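The structure under discussion appears below in the form of structure tokens.
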Amino acid sequence: CKTSLIHFVAAHMGLLAKTLELFLRDLINKTCEITVEKNAKVMSVAHLYLVSADSSYVLFTAQLLLDHSQETMRSGHRAV
């Protein structure tokens, strides 16, 4: 099982990197929106926590990333 995971990661490194990039970009943008809504001057860990504590947001984002990954794999393109 560990070997198959290593092979999967090696074969899809670009796709995994792009998926992580999209997730982090979306997380930071959502955190920034909360910071602005709170009229704060500095983004804090508390703002990040508000985003990550919303389980529906996390599930929705995970589904979007999965859909994007599947589309990329079907089309045969490498996500770089």
Side-chain angles (χ1 to χ4, degrees):
C1 183
K2 190 184 263 187
T3 305
S4 61
L5 178 61
I6 291 171
H7 288 300
F8 176 83
V9 170
H12 299 94
M13 188 62 78
L15 182 61
L16 293 170
K18 186 64 175 180
T19 301
L20 180 60
E21 175 191 341
L22 292 172
F23 174 75
L24 290 175
R25 182 183 305 163
D26 192 50
L27 182 64
I28 290 169
N29 286 338
K30 190 70 173 170
T31 305
C32 184
E33 289 173 15
I34 289 174
T35 304
V36 170
E37 287 172 9
K38 302 280 185 188
N39 292 323
K41 293 181 180 180
V42 177
M43 188 183 301
S44 72
V45 175
H47 299 139
L48 181 62
Y49 177 75
L50 289 173
V51 175
S52 63
D54 182 4
S55 61
S56 62
Y57 169 77
V58 173
L59 292 175
F60 175 74
T61 304
Q63 185 61 51
L64 285 177
L65 294 174
L66 179 61
D67 292 345
H68 174 75
S69 299
Q70 289 174 343
E71 287 176 20
T72 303
M73 290 172 71
R74 274 195 295 271
S75 67
H77 293 96
R78 290 181 51 118
V80 251

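Since the model is a prediction, treat every value here as computed from it, not as a measurement. Quick note: numbers below take in every heavy atom, side chains included, and nothing from hydrogens, waters or symmetry partners.
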Counting only pairs under 3.5 Å, give me each side-chain donor-acceptor contact of residues 34-43, with atom names and distances, residues two or more places apart or in other chains.
unit_1, atom_1, unit_2, atom_2, d
T35, OG1, T31, O, 2.9
T35, OG1, H47, ND1, 3.2

First locate atom CG of L48, then atom SG of C32, and finally report the distance between them rounded to the nearest 0.5 Å.
-> 12.0 Å
Nearest 0.5 Å please: distance from the NZ atom of K30 over to the CD atom of E33.
-> 5.0 Å
Among I28, N29, L27, whose side-chain contact (heavy atoms from CB on, under 4.5 Å) with R25 holds?
-> N29
Are F23 and V45 connected in the hydrophobic side-chain network, where two residues link if heavy atoms are under 4.5 Å apart?
-> no
